Student: 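Have a look at this one.
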Amino acid sequence: MRLSIGQVHRNVLALASSRSCFVLGDRLSFRMLSQPRVAGFHQTAWRGSQILEDNSRGGPLTLASLEVQSRVGYGKKEKVARTAVPKPSSRASSLNVKPKVSSNVKPAKSALMKSAGIKKTLKVDEAMFSAKSFEELGLPPLLVDQLNKEGLTAPTEVQSAAIPIIAQKHDVVIQSYTGSGKTLAYLLPILSEIGPLKRTMEQDNSEKRSGVEAVIVAPSRELGMQIVREVEKILGPSDKRLVQQLVGGANRSRQEEALKKNKPLIVVGTPGRISEISAAGKLHTHGCRFLVLDEVDQLLSFNYREDMHRILEHVGRRSGATSRDVLGPLARRSERQTILVSATIPFSVIRAARSWGHDPVLIRAKSVVPLDSVTVPRPALSQSDANSTSPSQSVNQAAVGSLPPSLEHYYCTAKAQHKVDTLRRCIHALEAQTVIAFMNNTKPLKDVVFKLEARGIKATELHGDLGKLARSTVLKKFKDGEFRVLVTNELSARGLDVPECDLVVNLDLPTDSTHYAHRAGRTGRLGRKGIVVTICEENEGFVVRKMRKQLAVAIKPCEFTEGELVVHKEDVE
Ligand SMILES: Nc1ncnc2c1ncn2[C@@H]1O[C@H](COP(=O)(O)OP(=O)(O)OP(=O)(O)O)[C@@H](O)[C@H]1O
């Protein structure tokens with residue numbers, strides 16, 4: 001498949017997140033020269049979605065509903081015989097990665113093409129979606145050896161798709177369901193280009209580079225540290241100083257000293273701390289080649305706007321490269337490759353990525369499409385609907401396809417005062433060993449922990465009010481199996497990787513389907529089995545049923561009686 005994408009214009013960038021909107025700089029609009037063939041989407045959840053061309057209107061694009069068909073076929077409201085659902089697998093679950101054939105990897109193109117705004121050709125070999133090994137994806141031998149040492153032998157689907165595209169120097173948006181391996185999907189092409197495991201080329205002038213070459217931004221300390229550990233694991237003990245954490249809550253002067261002493265190639269941090277140290281002149285990122293925003297939809301929310309503004313303006317902006325004469329501020333930003341990642345991508349992120357990137361593409365399961373061709377999905381709507389752009393619609397659409405197909409979803413009702421008891425019965429009925437229970441606020445977490453402990457279930461709490469040390473200790477103990485239940489709030493919903501987690505419980509309703517998706521995604525990681533149970537009050541059932549429609553997954557009504565899960569049937573609303 002051959003695609004040409006091109007022609008860049010200056011304009012105004014309006015960066016709208018699901019929750020907010022802020023102005024950053026230039027906007028690009030692209031002229032599509034040839035239409036891509038959209039490869040089949042991976043998940044059935046995508047089946048109902050439609051991509052409609054909307055470039056002709058010129059004005060702001062309209063967010064409209066995807067109108068995804070629910071895959072759930074509900075009959076009459078009736079109680080069915082007690083259904084024995086598969087028990088969640090315990091700590092030894094197996095991978096479900098099914099690679100197929102070899103791929104034809106295209107060598108990286110000159111960065112000059114980017115900065116000059118020259119049209120690039122995106123080569124997509126369908127075989128690359130099913131590479132059997134990391135070698136087939138063109139990763140350097142040293143890096144492949146290191147991965148094999150760590151027991152990583154076969155790429156996941158999203159890794160097979162993303163690695164060759166990032167190697168072609170495209171700016172990318174990666175959307176793939178929770179637990180599908182997105183972290184390595186962007187780390188591996190970066191480590192192929194920088195650091196001791198990189199590909200060696202005849203004309204390798206990278207030795208001339210100095211300073212930070214990749215900045216990875218994550219919305220929480222926990223996620224930041226998780227990414228750091230992933231990089232350290234691959235680099236090995238002798239080179240782990242080449243990655244530096246810049247997360248909030250940690251000692252800032254120690255971080256600054258480490259930057260000076262170790263001269264890391266990669267920094268991973270939270271927006272506030274990165275921009276703080278950068279503003280203090282202690283972090284030089286102008287020569288940076290890669291900027292990754294992990295959990296991009298959250299990073300572009302209102303809360304982070306000032307810090308993200310600084311990061312987007314400074315990373316990869318070479319000193320002296322003012323280039324206003326040629327392409328304006330765009331040219332300065334184009335020195336870097338921008339990689340945006342999340343399981344949930346609202347249209348506002350697509351719009352932002354178009355504005356920042358050169359030839360940006362969307363990698364979504366088995367499809368790679370120029371962002372130019374991704375338009376606001378507009379199913380049969382009235383004119384007034386089509387003209388209204390609702391942020392909440394954008395958020396809702398973002399969650400479709402964000403969940404692994406292996407997950408089972410249920411909901412049951414209980415009075416507020418009986419929720420912990422329902423949780424206990426749920427854990428026993430499902431024989432869950434590693435449980436994450438979500439609530440919306442911090443205060444009640446302790447009370448739930450206390451009640452669970454009183455019922456003989458080892459539990460602990462995790463939230464932002466705990467100090468950094470306490471947070472990492474709690475998490476480590478939970479991962480080590482010292483506690484059966486982690487009672488937490490939204491802090492743990494994004495990116496947290498506890499592969500053994502076999503049950504997620506919502507003790508409070510998530511705010512919307514996007515929040516549901518990220519919470520739910522803490523279980524069923526990388527093909528493992530996982531169960532999600534939402535315990536809501538009687539009058540909240542309609543919210544769950546609404547999310548069920550928006551997510552296009554079956555969330556079945558149930559109850560837990562006599563040590564068993566009893567599944568009910570229900571009318572579709
Ligand atoms: N190729 C692979 N082989 C085996 N394990 C892998 C591979 N790639 C990733 N993993 C493991 O899979 C788990 C999930 O990966 P990761 O955290 O990157 O998922 P994710 O898609 O970023 O999820 P989320 O959207 O929740 O952040 C991790 O434990 C990771 O180490």
Side-chain angles (χ1 to χ4, degrees), residues 42-43 91 93-99 129-137 139 143-144 146-163 173-191 216-220 222-234 268 292-299 339-345 363-365 398-399 401-407 434 436 438 475 479 490-501 504 514-528 530 532:
H42 172 59
Q43 282 189 288
R91 286 170 185 265
S93 303
S94 61
L95 295 182
N96 189 19
V97 181
K98 290 179 184 161
F129 290 115
S130 51
K132 274 198 182 75
S133 68
F134 288 111
E135 286 98 328
E136 289 175 24
L137 295 172
L139 294 182
L143 181 54
V144 174
Q146 193 59 29
L147 289 170
N148 290 344
K149 268 189 216 157
E150 290 297 329
L152 301 165
T153 50
T156 66
E157 219 167 54
V158 67
Q159 291 161 7
S160 298
I163 290 168
V173 177
I174 303 175
Q175 178 174 25
S176 172
Y177 55 80
T178 54
S180 56
K182 293 187 287 296
T183 316
L184 287 182
Y186 65 76
L187 280 183
L188 296 182
I190 292 176
L191 291 170
I216 301 171
V217 192
S220 72
E222 280 71 19
L223 182 54
M225 291 310 297
Q226 194 173 287
I227 298 165
V228 168
R229 280 191 291 272
E230 200 92 350
V231 183
E232 286 177 346
K233 196 168 76 178
I234 300 169
V268 184
V292 180
L293 308 187
D294 200 335
E295 307 294 347
V296 59
D297 51 330
Q298 192 176 2
L299 289 173
I339 301 169
L340 310 178
V341 184
S342 183
T344 49
I345 299 284
I363 299 168
R364 201 187 238 162
S402 55
L403 286 166
S406 56
L407 283 191
T434 309
I436 303 182
F438 284 100
L475 205 50
K479 285 184 175 180
E490 224 51 43
L491 172 82
S492 311
R494 293 258 182 174
L496 196 72
D497 183 50
V498 183
E500 298 81 10
C501 177
V504 161
T514 295
H515 286 76
Y516 180 97
H518 286 280
R519 286 179 177 190
R522 295 318 98 211
T523 184
R525 301 190 58 82
L526 212 71
R528 292 174 176 87
V532 186

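Since the model is a prediction, treat every value here as computed from it, not as a measurement. Numbering of residues begins at 1 and proceeds along the displayed sequence. Every number for a ligand or one of its atoms is a count from 1 in the order of the listing.
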Student: So, is R525 polar-close to ligand 1, with some N/O to N/O distance under 3.5 Å?
Tutor: yes
Student: Against heavy atoms of Y177, which atoms of ligand 1 measure under 4.0 Å?
Tutor: 21 (O)
Student: Below a 4.0 angstrom heavy-atom separation, can you tell me which part of R522, side chain or backbone, both or neither, approaches ligand 1?
Tutor: side chain
Student: So is there a nitrogen or oxygen of A154 less than 3.5 Å from a nitrogen or oxygen in ligand 1?
Tutor: yes
Student: Any idea which atoms of ligand 1 are less than 4.0 Å away from a heavy-atom of E295?
Tutor: 27 (O)
Student: Could you check which of D294, V158, L526, L147 puts a non-hydrogen atom nearest to atom 11 (C) of ligand 1?
Tutor: L526
Student: Would you say T183 has any N or O atom under 3.5 Å from an N or O of ligand 1, going by distance alone?
Tutor: yes
Student: Could you see which bit of A185 sits under 4.0 Å from ligand 1, with heavy atoms only: side chain, backbone, both or neither?
Tutor: neither
Student: Ignoring hydrogens, what is the shortest heavy-atom contact between L137 and A131? Give both atom names and the distance.
Tutor: CD2-CB, 3.6 Å
Student: List ligand 1 atoms under 4.0 Å from G179, heavy atoms only on the residue side.
Tutor: 14 (C), 19 (O), 20 (P), 21 (O), 23 (O), 24 (P), 25 (O), 26 (O)
Student: Whether the side chain of S220 engages the backbone of L223 through a donor-acceptor N/O pair (distance < 3.5 Å, no angle test) should be reported.
Tutor: yes
Student: Taking only heavy atoms of L152 into account, list the atoms of ligand 1 that are under 4.0 Å away from them.
Tutor: 2 (C), 3 (N), 4 (C), 5 (N), 6 (C), 7 (C)
Student: With heavy atoms under 4.0 Å as the rule, classify the contact between F134 and ligand 1 as side chain, backbone, both or neither.
Tutor: side chain
Student: Any donor-acceptor pair under 3.5 Å linking the side chain of S342 with the backbone of V296?
Tutor: no
Student: What do we get for D497 next to ligand 1 when only non-hydrogen atoms under 4.0 Å count, side chain, backbone, both or neither?
Tutor: side chain
Student: Identify which one of R522, H518, R519 satisfies the side-chain contact (heavy atoms from CB on, under 4.5 Å) criterion when paired with L496.
Tutor: R522
Student: Run the salt-bridge test on E150 and K233 with the 4.0 Å N-O cut-off and return the result as yes or no.
Tutor: no
Student: Please state whether H518 comes within less than 4.0 angstrom of ligand 1, counting heavy atoms only.
Tutor: no
Student: Do the non-hydrogen side-chain atoms of T344 and S402 ever get within less than 4.5 Å of each other?
Tutor: yes
Student: If I apply the N/O under 3.5 Å rule, does K182 come out as touching ligand 1?
Tutor: yes
Student: List ligand 1 atoms under 4.0 Å from S180, heavy atoms only on the residue side.
Tutor: 19 (O), 20 (P), 21 (O)
Student: Kindly determine whether L143 and F134 satisfy side chain to side chain contact (heavy atoms under 4.5 Å, CB included), including the steps that lead there.
Tutor: CA-CA 9 Å; L143 181 54; F134 288 111; over 6 Å; no
Student: Are any non-hydrogen side-chain atoms of V292 and V341 less than 4.5 angstrom apart?
Tutor: yes
Student: With a 4.0 Å cut-off on heavy atoms, is E230 touching ligand 1?
Tutor: yes
Student: Quick one: does L188's side chain get under 4.5 Å of L147's, heavy atoms only?
Tutor: yes
Student: Under a 4.5 Å cut-off applied to non-hydrogen side-chain atoms, are T178 and P404 in contact?
Tutor: yes
Student: May I ask you to check if ligand 1 and G521 share an N or O to N or O distance below 3.5 Å?
Tutor: no
Student: To the nearest 0.5 Å, tell me how far E135 CD sits from T153 OG1.
Tutor: 9.5 Å
